[in-house]
Every structure is written in C-alpha cells, then in structure tokens.
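Because the structure is predicted, anything quoted here is derived from the model rather than measured. Residue numbering restarts at 1 for every chain, and letters A, B, ... go by the order of the sequence lines.
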Amino acid sequence: MLKLLKYALYDILKSRFAMIYTVFMILVAVSIYQVSDDLSKVSLSLMNIMIMIVPLISAVFATTHFYNNLEFIELMLAQPVKRSHVFLSQLFAVILMLSLSIMIGFGLPMLLWGADTSLITLLAVGVILSAVFAGFAFLASVLTRDKAKAIGISLGLWIYFSLVYDGFVLYLIYSFADYPLEKVTLGLVMLNPVDLGRILMLMQLDISALMGYTGAFFQKFFSSSMGLLIAGGTLALWTLLPNLFAMRVFKKRDF
Amino acid sequence: MISVKNISKKFGKLQVLKDFNLEFRLGNSYALMGPNGSGKTTLIKTILGMVMPDEGEIFVKNQPIKGSHSYRQYIGYMPQIGRYPSNMKIGQLFSMMKDMRPEIKDYDLELVEAFELDQMKDKAMGTLSGGTRQKVSATLAFLFSPDILILDEPTAGLDPIAVEILKAKIKRERAAGKLILITSHIMSDLEELTNQAVYIFDGEVYFNDTIESLKELTGEVRFSPAIAKLMQWTLKKKVTKREMSHVETT
C-alpha cells in the first residue's frame with residue numbers, strides 16, 4: 001500500500017499540473033495579502049476564492065487523473081496487490097497533492113505575513129473540501145466508462161453544491177421568512193459540505209453579527225464543543241461516504 | 001494450472017463469454033485465436049481478475065482466484081497496449097515492479113540486455129515510442145520468471161529484430177516447461193510458438209486441441225489455411241443459425 005502510494009505520489013507531484021496549481025495559489029494569496037493589511041479581510045477574500053476554486057479544481061483534476069492513469073491502474077491490477085490498495089493509493093495521492101498545493105500556496109504567504117485562527121481554519125477547510133470533491137470525482141469516474149461523462153458529473157456536482165444549492169436555500173428562507181428557520185437552515189447547511197466549510201470559516205470572523213438572529217444562533221452552535229463535534233463529524237462523513245462508495249464500486253469494476 | 005469453469009460474462013446486453021470451460025496445463029503453449037471482439041482479451045482479463053465474471057469460477061494452481069490477489073505473482077502479463085505513468089522513468093518503473101514482488105530476488109534480465117533498456121533507464125515513459133513501450137511490457141512480463149505467461153498480441157508494434165528476440169525468448173521459456181498463453185492475429189508466429197490451438201468465436205470455444213489435430217480435422221497441411229477453414233466453418237454456422245431463426249419467426 002505504502003509502496004503503491006509512493007510511486008503514485010512520485011508521478012503526481014512531478015506533474016506540471018501540481019506546479020501550476022501551487023503557483024496559482026501562491027499568486028492569489030500574495031496578491032490578496034498585498035491589497036490589505038487587515039488579517040480578517042485577507043481571510044475573508046481568500047475564503048471567497050478558495051470556496052469556489054478548490055472544489056472545482058479538485059473535481060476536474062481528480063477525474064482527469066483517474067482516467068489518465070487508467071492504464072497504470074490496469075497494470076497494477078495485474079500485479080499481486082490488493083484492489084483496494086490500488087484504489088486508495090491513487091486517491092490518497094490526489095488528495096495529498098491537492099492539499100500540499102493549498103498548504104504551500106496559502107501557507108507560505110501566511111508564514112511570511114502572519115496568520116490567525118481563521119486562516120488556519122481556512123487551510124483545514126481547503127484540505128477537507130479537496131478530499132470531499134476528489135471523492136465525488138472518483139465516484140463519478142468509477143461509475144462511468146467515459147472521461148467526458150465523468151467530468152460532466154463532477155462539474156455538475158460542483159455547480160450543484162457551489163451555486164444551485166445556495167439559490168435553493170435562499171429561496172426557501174425568503175419564502176418562509178415569517179417562520180423561525182434557524183434549525184432548518186442549520187440542517188440545510190449540514191447537507192452541503194461547501195456551505196458547512198464556509199460557515200465554519202465565517203464563525204471565526206466577527207462578521208456573524210451581520211447575519212442577524214440566525215447568525216447569533218450559528219455563532220452559539222458552532223462555538224459549543226457539541227456543535228463543533230457535529231460539524232466535524234458531518235464533514236468527516238462527507239469525506240468518507242463518497243470515497244468509500246467509490247472504493248466499493250472500484251472493487252467490482254471491470255477493467 | 002489454470003482452469004476456467006462455466007464462466008459467463010455480459011457487458012450490458014452483449015454476452016461476451018458464454019458458459020466458458022477451458023483447461024490450460026503447465027508445459028503447453030496455447031494459441032488463443034478468434035476474430036476481433038470474440039472475447040479473447042476478456043478471457044485473459046478474467047483470468048487476471050481485472051474483469052469480474054457474472055458466473056463461474058477460475059482456478060489458478062487449484063486455488064479459486066476470487067477475492068485473492070497473491071496468485072498473480074505466478075503470472076507474467078504483457079498487455080496489448082501498455083501505457084505507463086508518463087513522468088516515471090524506465091528505471092523507476094522496473095524498481096517499482098520489483099517492489100511489488102519483494103519475495104522474488106532473482107530477476108530474468110535477458111530481455112533487458114537484448115532490448116538495451118539499461119541504456120535508456122533515465123528516459124521518461126511518456127517520451128517513449130510505441131515499440132519501445134512494447135519492449136518494456138515484454139521485459140516486465142518475463143522479469144520474474146513466472147510459471148504462467150500471458151501475452152496479448154506480443155509482436156504487434158515491434159520491429160523485426162525485436163520480434164525475433166522476443167520469439168526466441170518465448171521459445172526458451174516454453175522449453176523450460178512454462179505455461180504460455182498467446183493471442184495474436186499473425187498465424188506464422190502462433191505456429192512457431194504454440195502447440196495447442198484454442199479458437200473462440202462469439203464467446204464460445206469452437207476448437208480446443210493440438211495444432212496437429214486441427215490440421216487433421218481441416219485436411220490442411222499448413223496452419224494458416226487450417227485456421228482460415230475453421231473460421232469459415234464457424235461463420236457458416238452463424239449464417240445457418242441466423243437463417244433458421246429467420247424461418248422460425250416468419
């Protein structure tokens with residue numbers, strides 16, 4: 001397993017994509033640090049960019065990586081190694097590469113110009129979102145036999161979680177504005193890993209006061225250890241479920 | 001050595017293998033033949049565990065392969081098209097494959113030398129030509145001196161010198177008493193390298209015996225026309241089948 005991972009990582013870390021992605025992240029972070037001196041403003045801007053870019057890149061990259069490595073996966077399957085190990089080595093290599101790019105790209109400027117807890121949370125959320133969307137992408141890849149279709153599904157999931165879902169939630173809140181909706185909204189947030197990551201971030205900043213009663217409710221929930229536990233658990237589920245399901249399908253898939 | 005028992009496989013609606021039964025014995029060399037899409041590669045892939053059969057079982061060295069992965073250490077597989085991670089160098093690929101089978105310490109480096117892969121070990125796989133990649137695939141299949149060799153169109157894409165080197169190697173392994181399975185469309189290669197013929201058509205085994213008895217059966221002296229005749233028979237059989245079903249339906 002570790003051997004497989006070593007070689008998968010070696011291949012992926014030397015790829016041009018890993019370099020470009022890291023440099024891109026550095027450029028984003030550096031330019032935002034240059035614009036403002038206020039750390040909370042920096043983390044807010046970084047969050048807005050990251051919450052859109054990271055899931056998109058993860059979804060597209062993981063799908064293309066799976067299909068580009070299909071022949072290599074086949075080669076490994078003909079060797080005396082476990083199928084699950086082949087799958088996990090590919091998955092971990094992708095997640096590690098995406099996480100490293102975020103860590104280096106955002107982390108280096110943070111080391112240079114300082115960071116606070118919100119920025120550390122930002123890094124953690126970035127890593128988790130990478131894992132979640134890599135899982136979606138691998139699931140889409142093992143379920144289809146066509147690269148274009150798999151990328152389509154991955155992109156569809158990204159559009160759904162990043163754009164469509166928020167519209168749906170907003171519509172719901174406006175339609176039922178007369179009712180107390182805090183708990184419903186909280187439930188809805190749990191059903192979307194991107195929103196959950198965003199809220200976790202926002203709670204680290206002082207702007208939750210701007211969100212009215214719901215903001216106060218969220219603040220209370222996410223600052224309690226129970227709330228953090230639930231949020232962390234939900235994110236863990238979002239990471240594990242697609243990946244485990246993808247592995248199940250992979251174990252029975254024909255190559 | 002390898003027994004395939006009642007294997008059936010469907011891809012969607014397409015039945016690729018129908019109630020397949022075959023026995024491959026150690027010391028023999030089998031030519032796996034059949035038109036394109038007849039199920040040759042699918043059969044090989046089910047033996048390797050890359051395709052899961054819908055029904056039936058496969059035994060390698062009397063052990064069922066289902067849920068097992070260790071049996072693959074006895075098999076050297078050369079795929080039809082070998083594609084490798086493009087950033088990986090030849091040398092790294094070889095050390096990786098050696099890493100996969102840590103219990104084997106003796107490597108068969110004959111082909112490495114014959115194909116002069118040592119001089120290229122710093123070349124990235126992505127920059128190699130198709131033929132060189134085939135050489136790498138062939139070398140990897142023989143590297144661990146496995147008891148079973150499965151070669152899917154081994155000579156396709158190789159230059160004449162390399163073809164001769166590979167064929168000589170296959171002959172030596174055959175003389176050493178290994179089980180060899182070859183698919184190819186080049187009849188002269190098959191005649192040189194094998195003693196058993198397996199003819200697959202439409203997911204069914206139409207012929208499975210020695211090449212001698214195939215020649216006897218078809219009344220041909222040479223291998224190539226004998227196979228051509230067999231192909232014609234099977235095609236005719238298909239036509240008659242179709243005509244009969246047509247009669248029945250009207």
Legend entry - Proximal to chain A - members of residues 11-34 of chain B, heavy-atom separation under 4.5 Å: B/F11
Inset, instruction - Report, as yes or no, whether the 6.0 Å neighbourhood of atom CG on B/N62 holds more than 12 heavy atoms from other residues, nucleotides or ligands. - result: no
Inset, instruction - Check A/P80 against B/S70 and note the closest heavy-atom contact, atom names and distance. - result: CB-O, 4.2 Å
Legend entry - Which portion of A/L77 sits near chain B, non-hydrogen atoms under 4.5 angstrom: both
Legend entry - Heavy-atom closest contact (B/V51 atom, A/D254 atom, distance): CA-OD1, 3.4 Å
Inset, instruction - Applying side chain to side chain contact (heavy atoms under 4.5 Å, CB included), run through A/M76 and B/M100 and close with a yes or a no. - result: CA-CA 9 Å; A/M76 285 298 106; B/M100 299 284 125; 4.0 Å; yes
Inset, instruction - Against chain A, work out which of B/Q73, B/M96, B/K9 has the most heavy-atom pairs shorter than 4.5 Å and name it. - result: B/M96
Legend entry - Shortest non-hydrogen contact from A/F255 toward B/K45: O-CD, 3.2 Å
Inset, instruction - Tell me, with the steps shown, if A/Q79 and B/R101 meet side chain to side chain donor-acceptor pair (under 3.5 Å). - result: CA-CA 8 Å; A/Q79 308 308 317; B/R101 307 181 197 214; 2.7 Å; yes
Legend entry - Flag if over 12 foreign heavy atoms under 6.0 Å of NZ, B/K10: no
Legend entry - Nearest heavy-atom neighbours spanning A/A78 and B/Y77: CB-CD2, 3.6 Å
Inset, instruction - Decide if atom NZ of B/K167 counts as having more than 12 heavy atoms of other residues, nucleotides or ligands within a radius under 6.0 Å. - result: yes
Inset, instruction - Working to the nearest 0.5 Å, report the span between CE of B/M88 and OH of A/Y7. - result: 7.0 Å
Legend entry - Within 6.0 Å of NZ in B/K66, more than 12 heavy atoms from elsewhere: no
Inset, instruction - State whether the side chain of A/R253 and the backbone N or O of B/M50 hold a donor-acceptor pair below 3.5 Å, judged by distance alone. - result: no
Inset, instruction - May I ask you to check whether over 12 heavy atoms, not counting those of B/I81, lie within 6.0 Å of atom CD1? - result: no
Legend entry - chain A contact via B/T42 - side chain, backbone, both or neither, heavy atoms under 4.5 Å: neither
Legend entry - Exceeds 12 heavy-atom contacts within 6.0 angstrom, atom NZ of B/K171: yes
Legend entry - Under 3.5 Å donor-acceptor, A/R83 side chain and B/H69 backbone: no
Legend entry - Closest contact, heavy atoms only, B/M52 versus A/K252: CG-O, 3.7 Å
Legend entry - CZ/B/R172: more than 12 non-hydrogen atoms of other groups inside 6.0 Å: yes
Legend entry - Exceeds 12 heavy-atom contacts within 6.0 angstrom, atom NZ of A/K82: no
Legend entry - Contact class of B/P102 relative to chain A, heavy atoms under 4.5 angstrom: side chain
Legend entry - Salt bridge A/K6-B/D99, side-chain N to carboxylate O under 4.0 Å: yes
Legend entry - For chain B, which residues of residues 232-240 of chain A have heavy atoms nearer than 4.5 angstrom: none
